[in-house]
2 protein chains.
Amino acid sequence: MFQLSKKVEYGLIAIRHMAAGGPGQIHTAKEIADRYHIPYELLAKVMQKLAKNYILARNPAELKVAAIINAIEGKPNVTIIQCEAESPENCIIHDTCTIKNPLVKLQLNINRVFEDLSIGEMV
Amino acid sequence: MFQLSKKVEYGLIAIRHMAAGGPGQIHTAKEIADRYHIPYELLAKVMQKLAKNYILARNPAELKVAAIINAIEGKPNVTIIQCEAESPENCIIHDTCTIKNPLVKLQLNINRVFEDLSIGEMV
DNA sequence: CCGAATCTGGACTATTATGGTCGGGTTTAA
DNA sequence: TTAAACCCGACCATAATAGTCCAGATTCGG
Ligand code: FES
Ligand code: FES
């Protein structure tokens, strides 16, 4: 619960590696996979996703962790509580529910934490 | 990724229910399970854990969400990044790693978010 | 231009974590 | 005193994650 997935972790390592190398440097997925003992195929996929979302095109130092997570996981990552999202008809207090709103606010706070950290702070 | 587990969700619903009922009220796990269409056996286990950690003995209004999560999930919920915790010997930059520390700080920020929300704010 | 290395991307397997169930023995309260 | 509720370990089903395999396309150094 509340751990970064391996994919995100690998993505962070790769991007940080590229950021540390300075601009203009060329890095192959193979090279990074070897250096950090990451399964190549998996890292390759991660980097494909990052590339498709134009993450790799940006200045790494300014990249936010949140953007990387979203690119890799694919979803806007919104619903911290499932009762609301999935089957509101099951919940007898759904209409008067006082759990949802505080948790949505909590969710926003968490999102902000990820928005606040940039790769630049890791190099 | 970054969703509360069902167990925690059920725990929150149950505790909020008890908080809303006012002090002195008696609530059985069965009753709560029926009212919210939660599988009884599962809710029962959750409440057992809460009871063992003396969560149910405290004033619900002052309970922090963090305490509930810890009681149910059992772990202090510390390592947001796995590279460090699991196999540091695999990572060639482990000694000079600049990823760990920022993410630990991020972890602390997330913990704080859960520490900041109390059941009282949900009733 | 050629060959080797690398990338692409789908299909597939393995491993875990999660959510849920069953059942037998124990307590509790009408 | 007996039904209902609780305790708790074992168990099963499903889904999410992590990792693998491979065949075709691309890129790049020479
Ligand atoms: S909608 Fe069901 S607990 Fe909030
Ligand atoms: S210890 Fe490996 S990336 Fe930080």
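A note on names: the letters A, B, ... follow the listed sequences, proteins ahead of strands, and every chain is numbered from 1. Not measured: the values here are computed from a predicted model. Just so it is clear, the values below take in all heavy atoms, side chains as well, and ignore hydrogens, waters and symmetry mates.
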key: Interatomic distance where CD1 belongs to Ile72(A) and P belongs to dT17(D) [whole Å]   = 13 Å
key: Donor-acceptor pair present, Lys45(B) side chain and dG20(C) base, under 3.5 Å   = no
task = Would you sort out whether Lys105(A) and Leu117(B) count as a side chain to side chain contact (heavy atoms under 4.5 Å, CB included), showing the intermediate values?
result = CA-CA 10 Å; Lys105(A) 216 188 309 171; Leu117(B) 184 60; over 6 Å; no
request  = Using atom CG of Leu56(B) as one end and atom P of dC7(D) as the other, report the distance to the nearest whole Å.
outcome  = 10 Å
ask   = Quick one: do Lys30(A) and Asp34(A) make a salt bridge, cutoff under 4.0 Å?
value = yes
request  = Take the protein atom CG of Asp34(A) and the nucleotide atom C1' of dT6(C), then report the distance between them rounded to whole Å.
outcome  = 12 Å
Glu41(A) (side chain) and dC22(D) (base): donor-acceptor pair under 3.5 Å = yes
note = note: Ile38(B), atom CD1; dT21(C), atom C1'; distance rounded to Å ~ 16 Å
message = Starting the side chain at C-beta, find the nucleotide from dA5(D), dA18(D), dG19(C) nearest to Lys7(B).
response = dG19(C)
query = Is Lys52(B) touching bases, backbone alone, or none of the nucleic acid, heavy atoms closer than 4.0 Å?
reply = sugar-phosphate
query = Are Tyr40(B) and dG20(C) close enough that a side-chain N or O sits under 4.0 Å from OP1 or OP2?
reply = no
message = Between P on dT18(C) and CD1 on Ile69(B), what's the gap in Å once rounded to a whole number?
response = 13 Å
request  = For Asn59(A) and Ala61(A), indicate whether the former's side chain and the latter's backbone hold a donor-acceptor pair under 3.5 Å.
outcome  = yes
task = Using a 4.0 Å heavy-atom cut-off across all strands, classify Tyr10(B) as base, sugar-phosphate, or nothing.
result = sugar-phosphate
ask   = How close or far is atom P of dA5(D) from atom CD of Gln48(B), stated in whole angstroms?
value = 15 Å
request  = State the CG-CG distance between Leu106(A) and Leu4(B), to the nearest 0.5 angstrom.
outcome  = 7.5 Å
key: Nucleotide dA29(C), atom P - distance to NZ of Lys30(B) in whole Å   = 17 Å
request  = Test Met47(B) against Met18(B) for side chain to side chain contact (heavy atoms under 4.5 Å, CB included), laying out the working first.
outcome  = CA-CA 12 Å; Met47(B) 290 179 70; Met18(B) 295 189 281; 4.3 Å; yes
inquiry  = I need the CG-P distance between Leu42(A) and dT8(C), as an integer number of Å.
reply    = 15 Å
